Q: 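Please read through the structure below; I'll follow up with questions.
Bear in mind that the values here come from a model prediction, so they are computed numbers and not experimental data. Each chain gets a letter, A, B and so on, in the order the sequences are listed, and its residues count up from 1.
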2 protein chains.
Amino acid sequence: MGRPRGFDAEEALEAAVHVFWAQGYEGASLSDLTTAMGISKTSMYAAFGNKDDLFRRALEKYVEGPADYGARAVEEPTARQVAAAFLQGSVRATTRPGSPAGCLGVHGALATSATAHGARDVLVAWRRDGESRLEQRFRRAVEEGDLPADSDPARLARYVMTVANGIAVQAVTGATRQDLQDVADTALLNWPSA
Amino acid sequence: MGRPRGFDAEEALEAAVHVFWAQGYEGASLSDLTTAMGISKTSMYAAFGNKDDLFRRALEKYVEGPADYGARAVEEPTARQVAAAFLQGSVRATTRPGSPAGCLGVHGALATSATAHGARDVLVAWRRDGESRLEQRFRRAVEEGDLPADSDPARLARYVMTVANGIAVQAVTGATRQDLQDVADTALLNWPSA
DNA sequence: GCACTTCCGCACCAGGCGGTACGGATGTGC
DNA sequence: GCACATCCGTACCGCCTGGTGCGGAAGTGC
């Protein structure tokens, strides 16, 4: 009952994802966001709560969409393929034509003004979670004999995540998709095998 | 002649370096800066110009101080030692006790609000310059027979820089010095040799 | 101790920030 | 078509931003 919402919330959220992706949490002002979303501040507050809530919703949408390569990578059959898929996924996500360069998560995680601490903490937790999923996957690979028994799953996971983070930084500062694919390939030259 | 300045400009600049390092260009407000520097806004403007100029001066001091590992690394005798020194330098600089975690350059390069474009461009240029110094050094290594003849110096340089950038991101989000040293070691396991 | 130069604390500026109060417009179920 | 719930444009809030004008205090060389 009552008058229904005059805009598509999912579409508006999609627009917000792009703004946060391009400008980070702090760099994205409410004006930037609502202009891109095509709605007024009032509508945004009614529909999403506040800037912080909007960011969390946007992050969810980002994780399920452009950044779903993490969840898919761990499904690969071997540890090497997991690592390759993860890095290739990060290369593609951070250099996607028509989308902002870089990674929404990395942008936001480095935001440091006091008002952005909430957003930052969410992102740090997300990154940690991704790393721990990789670690568990690599631990399974050791059990399955797919990685040498003396491998250190935590260390490998951290290595892969670090390279992916570096790729995100490079993408923002102008590296091309091919440049970064070369980096990803280079990073995997020494991958341990059982 | 006239009344001399009541504070040490180099000391004040040092304080500004720490604030920019911890909070990035956008995250560091004039209040944050002048409070840490122990001077008034007026004095800061008289001594340094404006926020942008202050940032450039701070970056210079950062490059000559905490981030001088780049210039020193390329002096190492072999390409492998160059890469190892560069990565170890970045690990140490980004996890230095008593200093902010992470890299001033990476923080600032990801700052994206329109007012920060000046600072960002300076940092992107700095990063590019560092990468090209590494590339030149690796090209020399190929000539000297220190790297295989079919090595790609640009690719190796980009790889090293990418890992270093990833290290900076990880440092901000809580990785320890030991964690990151492990990452650096892992990154060098596959280093090509002639 | 004088004339002069520089410093620097205070009060202020316009503009943007995230966020909200209000009330008329708009659509709903009955 | 009525009563009601919801939407949303406007106008506004206090606060902080980077930056400045002013005038008295402070130190200089002579």
Q: For A:M44 and C:dT20, give me the distance from atom CE to atom P, rounded to whole Å.
A: 10 Å
Q: Taking the side chain of A:T42 as heavy atoms from C-beta outward, which of C:dT20, D:dT17, D:dG27 is closest to it?
A: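 Of all the options, the side chain of A:T42 is nearest to C:dT20.
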Q: Whether the B:Q170 and B:D179 side chains hold a donor-acceptor pair (N or O, under 3.5 Å, no angle test) is what I'd like checked.
A: no
Q: Let me know the distance between CG of A:D32 and C1' of C:dG16, rounded to the nearest Å.
A: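 After rounding, the gap between these two atoms is 11 Å.
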Q: How would you label the contact of A:A28 with the nucleic acid (heavy atoms, under 4.0 Å): base, sugar-phosphate, or nothing?
A: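 Sugar-phosphate only.
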Q: Of the listed nucleotides (D:dG27, C:dG18, C:dG9), which one gets closest to any side-chain atom of A:Y45?
A: C:dG18
Q: Could you check how far CZ of A:F55 sits from P of C:dC17, rounded to whole Å?
A: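 Whole-Å distance recorded here is 18 Å.
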Q: Look at A:S40 and D:dG9 and indicate whether a side-chain polar atom (N or O) is within less than 4.0 Å of OP1 or OP2.
A: yes
Q: Will you find, in the side chains of A:Y25 and A:D52, an N or O donor that is under 3.5 Å from an N or O acceptor?
A: yes
Q: Name the nucleic acid region contacted by A:T115, choosing base, sugar-phosphate or nothing; use a 4.0 angstrom heavy-atom cut-off, strictly under.
A: nothing
Q: Tell me which of B:K51 and B:P4 sits closer to the 5' end of DNA chain D, going by the nucleotide each one is nearest to.
A: B:K51
Q: Using whole Å, report how far CG of B:D53 lies from P of D:dG19.
A: 9 Å
Q: Is it the case that B:K51 places NZ or CZ above or below the six-membered ring of B:Y45, under 6.0 angstrom from the centre and within 45 degrees of the axis?
A: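 Not flagged: B:K51 not positioned over aromatic ring of B:Y45.
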Q: Name the residue closer to the 5' end of DNA chain C, choosing between B:K41 and B:F7 according to the nucleotide with the nearest heavy atom.
A: B:F7
Q: Side chain of A:R3 only, please: which of C:dT26, D:dT28, C:dC8 is the nearest?
A: C:dT26
Q: Rounded to the nearest angstrom, tell me the gap between atom CG in B:L33 and atom P in D:dG18.
A: 8 Å
Q: Which whole-number value in Å describes the distance from B:R5 CZ to C:dC7 P?
A: 6 Å
Q: Could you give the CG-to-P distance, from A:L54 to C:dG18, as a whole number of Å?
A: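 For the pair A:L54 CG and C:dG18 P, the rounded distance is 11 Å.
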Q: Any carboxylate oxygen within less than 4.0 angstrom of a Lys/Arg side-chain nitrogen, looking at A:R139 and A:E135?
A: yes
Q: Counting side-chain heavy atoms from CB outward, which of D:dC7, D:dA25, D:dG19 is closest to B:L30?
A: D:dG19
Q: Could you tell me whether B:D129 and B:R133 have a side-chain N and a carboxylate O separated by less than 4.0 Å?
A: yes
Q: Please check the phosphate of D:dT17 (OP1 and OP2 only) for any side-chain N or O of B:S29 closer than 4.0 Å.
A: yes
